[in-house]
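One structure is given below, encoded as structure tokens.
Since we're looking at a predicted model, the values are computed, not measured.
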Amino acid sequence: MNRYEVWAPLAADRVDVEVDGSTYPLARCADRDGWWSGEAPEGDYAFRLDGGPPLPDPRSPRQPHGPDGPSRPVDHAAFRWSQTGWRGRPLPGAVVYELHVGTFTARGTFDAAAEHLDHLVELGVDFVEVMPVCPFPGKHGWGYDGVSLWAVHEPYGGPEGLKRFVDAAHRKGLGVILDVVHNHLGPSGNYLPAYGPYFTDRYHTPWGSAVNLDGPGSDEVRRYLIGSALAWLRDYRIDGLRLDAVHALADDRAVHFLEELSCEVETLAVAGNRLLFLIAESDLNTPRTTAPREAGGQGLTAQWSDDFHHALHAALTGESHGYYGDFAHAPLAAVAKTLTRGFFHDGTRSTFRGRSHGRPFTPAAGHRLLGYLQTHDQIGNRALGDRISTTLSPGRLACGAALVLTSPFTPMLFMGEEWGAATPWQYFTDHTDPGLAEAVRQGRRREFAEHGWQADAVPDPQEPATVLRSVLDWTELRRAPHAELLGWYRTLIRLRRAGAELSDPDLGAVRVAYDEAARWLVVHRGPYRVAVNLGTAEAALPLDGAGREVVASFGPAVVAGSTVRVGADAVAVILT
């Protein structure tokens, strides 16, 4: 027999569990308000509330028939881990690699992704950040429309597939970060509102009603989300979690949800003698997110830094539309400010928001910001899902890579970036509800029509060709110019490892010289100079000291005393 329990405070008189077609009554828990429990045989199961239709378990460990089908128990103790002594690795000083399981390979599974882990080891990264893997409708999707926050998408390989992937990564010395979504659930397959007050209309988000983190019943909602987070870290041996859009977590309680979550994760880490961490995606530009709890912060380890991305993107591409407008007026100055102060908007006016934004970042904690040239959002949310490599020369791509991988931040790469992948990464869905599929299709077209795009130019998210176009082409690695760019990424990561100054997180130790009109920039990192020429002709860049040697370059670079002559769209790392 198996014990079943569920929090269902909205059930008036009766909760049953249906196991393989047979129904068994559950009893109210006298000491747990709103909870029901009871015993029944083990098998595929669903709950019925007050005689209603069968619903999947909110804490379902597996959805073998998709988000709408019955749940299935998982014996996590049955998996045989080969890396029983793995204790994790620290995030400070590391390089992170973001990937999407469904498009990392043509097969689109955990096992297929594991076959390319040697590539990541040779590249030199430390962590693989896996985009969301909770069940969602159909086979293909980004994962941010997931439901069943304790389960794993079956087409990827289900729970066993994820464990095999994590185990394989650990065998090769790679940590694994999982992207999780607590701010909303997908529009299809979300049965939580039938059970209890998981959502509230007191706040609104881009996805509708907010998750109930501070209203009546929110104690159990918070326990649900924290329980899910701990399950990934405990049952799947994930090393860290990336928390999607934490600025959409509306919480007015004295102890913020993120503070409570970070405390619980720390407790689990101590109990298991493991290094565990949390990374936030946040556009709030506040150091409170990563400040220690004892100092009034929320205690997360790190957060994404869109300011650095926007400044770098504007400098490399010249784009100035939308939020790039704040950075495009003086893009090299914007890059310099983010490299030395963390946030660009640290109390300054944001024209995109129509108000002032942010506050100063903690200077010594650059590793608490993830810096990147590309991410799934910054590519996939473009109309065509075009990578930066489709418009920039290999030399200019190399310049961007150098600024990321010698920065005081924790660098992050997006899959395929390291070889300048020519494949796009587009927005794709596989909604089984025809009405929802059409709404998504038309919504995407309306969104980009406002920016001047023709409707038929915007890829159809539901079209199978859209996801096929987004799959990495691994044969590119052997061809020019991809092979040369891949070699440059490997060189930069090796340099970062060898020269402690190139990974020093102290923003106060970074100095940047630049000429906005001549389009060059020199980053001072201890005895190293990272000289970047974005101009149209060769230029002599000042080193502020005699240069000893060019330790790495992409394009022509020659040291001449206290200057280095760098070719157009070229970059060099010089030791002084």
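- Using modelled atom types, one finds no donor on one side chain facing an acceptor on the other under 3.5 Å when comparing His357 with Asp283.
- Tested against Tyr372, the residues Phe414, Trp304, Tyr97, Phe308 include a single ring-ring contact (aromatic ring centres under 6.0 Å, His included) partner, Trp304.
- A donor-acceptor pair under 3.5 Å is formed between the side chain of Arg496 and the backbone N or O of Leu405.
- Remark: side-chain polar atoms of Trp232 are not paired, donor with acceptor, to backbone N or O of Ile177 under 3.5 angstrom.
- For the 3.5 Å distance criterion, the side chains of Arg469 and Thr466 qualify, holding a donor opposite an acceptor.
- Ring centroids of Phe428 and His100 are separated by less than 6.0 Å, placing the two rings close together.
- Aromatic rings of Phe277 and Phe127 (six-membered ring for Trp) have centroids within the 6.0 Å cut-off, being under it.
- For Arg349, the CZ atom is densely surrounded, since the number of other residues' heavy atoms within 6.0 Å is greater than 12.
- Every residue was checked against the salt bridge (charged side-chain N to carboxylate O under 4.0 Å, His left out) condition with Asp456, not counting sequence neighbours, and none meets it.
- Within the structure, the salt bridge (charged side-chain N to carboxylate O under 4.0 Å, His left out) test picks out the following pairs touching residues 88-117 (sequence neighbours left out): Arg89-Asp126, Arg107-Glu115, Asp111-Arg164.
- Results of the ring-ring contact (aromatic ring centres under 6.0 Å, His included) test with His345 over Phe352, Phe327, Tyr323 single out Phe327 as the only residue that passes.
- Trp453 does not carry Arg444 over the face of its six-membered ring by the limits of under 6.0 Å from the centre and within 45° of the normal.
- Residues that satisfy the side-chain hydrogen bond (donor to acceptor under 3.5 Å, both in side chains) test with Trp425, not counting sequence neighbours, are Thr103.
- For Lys163, the salt bridge (charged side-chain N to carboxylate O under 4.0 Å, His left out) test picks out no residue, with sequence neighbours left out.
- Side-chain atoms of Asp307 and Ser305 include no donor-acceptor pair closer than 3.5 Å.
- A distance-only check finds a donor-acceptor pair linking the side chain of Ser389 to the backbone of Ala421 [under 3.5 Å].
- By the ring-ring contact (aromatic ring centres under 6.0 Å, His included) test, His184 pairs with Trp207, sequence neighbours left out.
- Every pair passing salt bridge (charged side-chain N to carboxylate O under 4.0 Å, His left out) that includes a residue from residues 311-328 is listed here, sequence neighbours excluded: Glu319-Arg382.
- We find that Glu417 and Arg387 are not joined by a salt bridge, their nearest charged nitrogen and carboxylate oxygen being 4.0 Å or further apart.
- For the pair Trp142 (side chain) and Gln426 (backbone), a donor-acceptor distance under 3.5 Å is present.
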